[in-house]
Amino acid sequence: MPARAVQIVVAAAIALAAMATTWSSTVGRSAIRTPRANEKVFECTKLGVGSRYTVVQSTKDTNGDSLTIRELLRAGSPGFTPGRSGSPPPHIHKQETECFIVHSGSFSYEVDGVIGHLRPGDASACVPPGMTHQFWNSNNVTDLDMQFTVMPAGSFESFIRTMCGLATDAGSAADINPLQMMVMFVGGGMEIAAMPRPVWLFIERVVVPLLRLLRIYHPTYPEYTV
């Protein structure tokens, strides 16, 4: 069997296994969703850790040119990567540039395998489209107060509002069904770089369209998005 075919078969098996093992989770599929679409300040957890977001300039404010959000990433917040407090999965924005500045605390980031650091007063660090990146609170004793701008805004505001709405209603982002999370990432124009690319492409091109066609999961929900 050609190597490409083997990759596709493996990707299909992994994706179908994920569907089978996570199907019982109701978060996103049938969970009660609390309306919070117009909140300028919103939490991404109800457990006292995680992040609080404040919209500085919304997608609507800039006619889609950019989105600026200030994030308070609390000390002790769990992260996707062990030892990286508050870290999201390594991911790629397909069309947007993302820039970060720090108001207080210590901010670390990794872009295509290169690690950097930002502190208050430093110039912004920007990540062009197509580059794998991840960030975290590198001093887990104190909170990190930072700000990020996404250019153009794309659908990122809808993504972050939906993720935080589901996380708050469920308890934390870890309680969101992984398939729901994948649907949101695809809808937000992003790629999760933490998994083999053939697996992600199968999820993006086959699994997510099927989940949306069957109305099992959606990238956004009206209770959360403006």
Side-chain angles (χ1 to χ4, degrees), residues 14 18 21-22 24-29 31-34 36 39 41-55 69-93 98 100 102-111 113 115-119 125 127 132-148 150 156-188 190-195 199-200 203 217 219 221 224:
I14 293 174
T21 57
T22 61
S24 60
S25 173
T26 61
V27 177
R29 181 157 54 94
I32 295 174
R33 293 186 287 272
T34 305
R36 49 174 58 89
E39 294 179 349
V41 180
F42 53 94
E43 295 282 344
C44 216
T45 180
K46 63 180 180 183
L47 301 178
V49 293
S51 292
R52 182 182 71 219
Y53 295 93
T54 301
V55 179
I69 291 180
R70 189 162 179 169
E71 177 180 357
L72 178 68
L73 178 52
R74 297 180 178 91
S77 297
F80 179 86
T81 300
R84 294 183 172 184
S85 176
S87 60
H91 60 282
I92 295 167
H93 295 276
E98 187 172 21
F100 302 92
V102 175
H103 295 290
S104 65
S106 298
F107 173 93
S108 292
Y109 60 92
E110 182 173 354
V111 180
I115 293 177
H117 309 279
L118 283 181
R119 288 176 173 78
V127 183
T132 299
H133 61 287
Q134 184 185 46
F135 59 85
W136 61 95
N137 181 353
S138 49
N139 178 0
N140 204 21
V141 178
T142 58
D143 295 346
L144 169 62
D145 183 3
M146 66 177 185
Q147 187 168 296
F148 61 86
V150 179
F156 193 76
E157 184 173 357
S158 294
F159 166 81
I160 199 74
R161 285 182 176 275
T162 299
M163 182 185 70
C164 290
L166 290 172
T168 302
D169 282 338
S172 72
D175 297 309
I176 300 175
N177 185 291
L179 294 177
Q180 170 68 83
M181 190 70 79
M182 292 172 188
V183 171
M184 290 190 297
F185 266 83
V186 172
M190 290 176 284
E191 179 177 326
I192 299 177
M195 61 180 67
V199 175
W200 177 257
I203 290 169
Y217 294 110
Y221 297 93
Y224 302 140

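FYI, side chains are in, hydrogens and waters are out, and symmetry mates aren't considered; it's all heavy atoms of this structure.
- With hydrogens and angles ignored, the 3.5 Å screen pairs no side-chain donor or acceptor of Ser108 with any backbone N or O of Asn137.
- With values rounded to the nearest 0.5 angstrom, Leu166 atom CG is found 8.0 Å from Met181 atom CE.
- Between atom CG of residue Asn140 and atom OG of residue Ser77 there is a gap of 7.5 Å, rounded to the nearest 0.5 Å.
- Heavy-atom minimum distance, Pro89 versus Ile192: CB-CG2, 4.2 Å.
- For Gln134 (side chain) and Pro88 (main-chain N/O), a donor-acceptor pair under 3.5 Å exists by modelled atom type.
- Here the closest non-hydrogen pair linking Tyr53 and Cys164 is CE1-SG, 3.4 Å.
- Scanning for ring-ring contact (aromatic ring centres under 6.0 Å, His included) contacts around Phe135 gives Phe100, Phe107, with sequence neighbours left out.
- Distance NE2/His117 to OG/Ser106: 9.5 Å, rounded to 0.5 Å.
- Shown here are the ring-ring contact (aromatic ring centres under 6.0 Å, His included) partners of Phe159, two or more places apart in sequence or in another chain: Phe156, Phe185.
- Between atom OG1 of residue Thr162 and atom CD of residue Gln180 there is a gap of 8.0 Å, rounded to the nearest 0.5 Å.
- Without hydrogens or angle criteria, Arg161 side chain to Glu39 main chain gives a donor-acceptor distance under 3.5 Å.
- Taking every heavy atom of both residues into account, His133 and Val127 meet most closely at ND1-CG1, 3.6 Å.
- Within the 4.5 Å cutoff, the side chain of Phe42 has heavy atoms near those of the Val55 side chain.
- Residues passing the side-chain hydrogen bond (donor to acceptor under 3.5 Å, both in side chains) test with Arg36, sequence neighbours excluded: Asp169.
- Taking NE2 of His91 as the reference point, atom CD of Glu98 lies at 5.5 Å (rounded to 0.5 Å).
- Between Gly76 and Val49, the shortest heavy-atom distance links the atoms O-CG1, 4.3 Å.
- Cys44 and Met163 get closest at one heavy-atom pair: SG-CE, 3.9 Å.
- Contact detail for Met184 and Pro219: the closest heavy-atom pair is CG-O, 3.6 Å.
- Summarising the geometry, atom CD belonging to Glu71 is positioned 7.0 Å from atom CD1 belonging to Ile160; distances are rounded to the nearest 0.5 Å.
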